[in-house]
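Numbering of ligands and ligand atoms starts at 1, following listing order.
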Amino acid sequence: NGAFLYGDEMKEKVRQENHIKAKLMEAFENDGFFMVYQPQIDAKTKKVNGYEALVRMKEQGIYPGQFIPVAERSGWIWRIGRITTELAIKQLAAWRDEGHELHPVSVNFSSNQLNDHGYIDFVQDVLDRYKVPAHFLEIEITEGLFLEKSALADEIFKRFKSMGIRLLMDDFGTGYSSLGYLTYIPVDVIKLDKSLVDTYLVDGKDSFIRNIIHLMHDLGKEMIIEGVEEKWQFERLQEFGADTIQGYYFSKPIPAADAIVFKVKE
Ligand code: C2E
Ligand code: CA
Ligand code: CA
């Protein structure tokens with residue numbers, strides 16, 4: 001029995017994976033992706049100071065948590081990387097042309113995108129084409145990639161920096177326990193992961209979060225706190241000197257037209 005059950009589960013997994021693969025293929029051919037933008041809020045002024053661009057499929061019912069891992073496994077993530085980067089830059093240009101004041105937009109860079117050797121030239125090319133200054137684009141890179149210490153990764157980070165593109169470390173606190181590397185990696189902003197906020201921003205444990213914020217400031221890094229859902233969390237983080245807050249308490253990721261006029265309600 002057990003063997004049968006296991007077999008069925010495996011079959012279902014394979015079926016689901018193939019289904020998503022097929023939908024991804026369709027989406028690549030038919031302009032099947034769009035971006036939503038989650039406002040990032042300055043903790044002191046409560047004004048928007050940036051956005052994270054997050055990809056969605058136009059096909060209903062398939063979420064990033066499902067299709068991003070499939071794209072990673074099938075070697076297609078580089079295509080998503082290019083599509084999302086171009087959509088975000090295009091959006092910056094559109095906002096500018098509509099007369100809006102711009103704030104930086106960050107896009108996610110997956111570790112498997114390291115194999116996309118043409119990516120940096122592509123970014124430069126798209127920035128030039130839309131005449132968007134490089135400092136409005138930021139790249140979110142997960143902790144693991146910074147620690148890889150490969151020549152390829154170093155080269156990519158150097159080139160981003162020389163273009164004037166800031167690097168953000170995504171999901172800080174989910175992977176590694178050593179903090180020593182923070183002194184030498186070329187990262188400007190640290191994004192504290194929601195799981196740490198959930199675990200430690202509670203009575204009796206929250207000095208840990210305060211200490212991380214102070215440590216990062218001592219190292220000259222800015223801190224974005226992710227996954228803030230409650231008012232009391234925001235207030236506590238404000239007290240601790242956090243720079244920027246990103247979370248449902250202020251806003252979910254929203255369409256571009258709403259994001260650009262988003263304001264925190266007083
Ligand atoms: P991530 O890069 O850590 O993105 C943050 C995720 O947390 C987003 O989910 C966002 O909607 C969610 N989030 C933000 N604030 C809150 C909050 O207060 N509470 C809760 N519960 N969630 C919050 P999303 O958009 O579903 O994306 C999930 C993951 O999929 C992302 O995690 C990222 O790893 C990946 N992803 C999304 N868009 C892209 C993309 O364009 N490129 C790549 N490579 N990966 C992407
Ligand atoms: Ca991210
Ligand atoms: Ca994150």
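A donor-acceptor pair shorter than 3.5 Å can be found between the side chains of Tyr119 and Thr85. At a cut-off of 3.5 Å, with distance as the only test, no side-chain donor of Gln40 or Asn49 sits close to an acceptor on the other residue. For the 3.5 Å distance criterion, the side chains of Asn112 and Ser110 fail to qualify, holding no donor opposite an acceptor.
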For this session: Check the pair Val261, His100 against side chain to side chain contact (heavy atoms under 4.5 Å, CB included), reporting the backbone distance first and the verdict last.
Result: CA-CA 9 Å; Val261 296; His100 294 292; 4.2 Å; yes
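The residue among Ser110, Pro69, Pro64 with a heavy atom at the shortest distance from atom 30 (O) of ligand 1 is Pro64. Between Glu226, Gln246, Lys252, Gln38, it is Gln38 that holds the heavy atom closest to atom 15 (N) of ligand 1. When the heavy-atom distances from atom 2 (O) of ligand 1 to Asp198, Asn112, Asp170 are ranked, the shortest goes to Asp170.
Listed by number with element, the atoms of ligand 1 under 4.0 angstrom from any heavy atom of Thr84 are 41 (O). Residue Lys194 approaches ligand 1 through these ligand atoms, each under 4.0 Å from one of its heavy atoms: 19 (N), 20 (C), 21 (N). Near Glu52, meaning under 4.0 Å from any of its heavy atoms, are these atoms of ligand 1: 2 (O), 4 (O). Taking every heavy atom of Gly247 and a limit of under 4.0 angstrom, the matching atoms of ligand 1 come to 15 (N), 18 (O).
Looking only at N/O/S atoms, Glu140 comes nearest to the Ca ion (ligand 2) through OE1. In terms of distance to the Ca ion (ligand 2), the nearest N, O or S atom of Asp170 is named OD2. Of all the N, O or S atoms in Glu52, the one closest to the Ca ion (ligand 2) is OE2. If you look at Asp171 and ask which of its N, O or S atoms sits nearest the Ca ion (ligand 3), the answer is OD1.
Among protein heavy atoms, the minimum distance from atom 11 (O) of ligand 1 is reached at Pro253 CG, 3.3 Å. Here the protein heavy atom with the shortest distance to atom 37 (C) of ligand 1 is Leu54 CD2, 3.6 Å. Atom 20 (C) of ligand 1 has Glu229 OE2, 3.2 Å as its closest protein atom, hydrogens excluded (heavy atom only). Looking only at protein heavy atoms, the nearest one to atom 35 (C) of ligand 1 is Ile68 CG1, 4.1 Å. Of all protein heavy atoms, the one lying nearest to atom 42 (N) of ligand 1 is Asn108 CB, 3.6 Å.
Glu52 and Lys191 are joined by a salt bridge, as a carboxylate oxygen and a charged side-chain nitrogen come within less than 4.0 angstrom of each other. A salt bridge links Glu222 with Arg166: the closest approach of a Lys/Arg side-chain nitrogen to an acidic carboxylate oxygen falls below 4.0 angstrom. At a threshold of 4.0 Å, the pair Glu155-Lys158 does not count as salt-bridged, since none of the basic side-chain nitrogens sits closer than that to a carboxylate oxygen. A salt bridge links Arg82 to Asp116: at least one charged side-chain nitrogen sits closer than 4.0 Å to a carboxylate oxygen.
Residue contact annotation: Lys191 has no non-hydrogen atom under 4.0 Å from ligand 1.
Judged by the 6.0 Å distance and 45° axis criteria, Arg56 is not positioned over the aromatic ring of Phe34. Cation-pi geometry between Lys205 and Phe208 is not met: the NZ or CZ atom fails to fall both under 6.0 Å from the ring centre and inside 45° of the normal.
Checking Glu226 against the Ca ion (ligand 3), an N/O/S atom falls under the 3.0 Å cut-off. Between the Ca ion (ligand 2) and Ser106 there is no N/O/S contact shorter than 3.0 Å.
Considering backbone and side-chain atoms together, Val55 places an N or O closer than 3.5 Å to an N or O of ligand 1. Where the criterion is an N or O separation shorter than 3.5 Å, residue side chain and backbone included, Asp171 meets it with respect to ligand 1. Checking only distances, Tyr248 does come within under 3.5 Å of ligand 1, N or O to N or O. Between Gln113 and ligand 1, no N or O atom pair is found at a separation short of 3.5 Å.
For atom 33 (C) of ligand 1, no protein heavy-atom neighbour is present inside the 4.0 Å cut-off. Protein heavy atoms are absent from the space less than 4.0 angstrom from atom 7 (O) of ligand 1. Using a 4.0 Å threshold on non-hydrogen atoms, atom 44 (N) of ligand 1 counts as touching the protein.
Taking both residues in full, the closest heavy atoms of Leu87 and Phe33 are given as CD1-O, 3.9 Å, listed atom of the first, atom of the second, then distance. For the pair Phe157 and Pro186, the tightest heavy-atom approach, listed with the atom from each and the gap, is CB-CG, 3.7 Å. In terms of heavy-atom proximity, Phe146 sits nearest to Ile185 at O-CG2, 4.0 Å. Considering every non-hydrogen atom in both Ala134 and Ile165, the closest pair reads O-CG1, 3.7 Å.
Residue contacts with ligand 1, taken as heavy atom pairs separated by less than 4.0 Å, involve Arg56 solely via side-chain atoms from C-beta onward.
In this structure, Lys221 contributes its side chain and Val187 its backbone to a donor-acceptor pair below 3.5 Å.
Classified by interplanar angle (parallel below 30°, tilted 30° to 60°, perpendicular above 60°), the ring pair Phe160/Phe109 is perpendicular.
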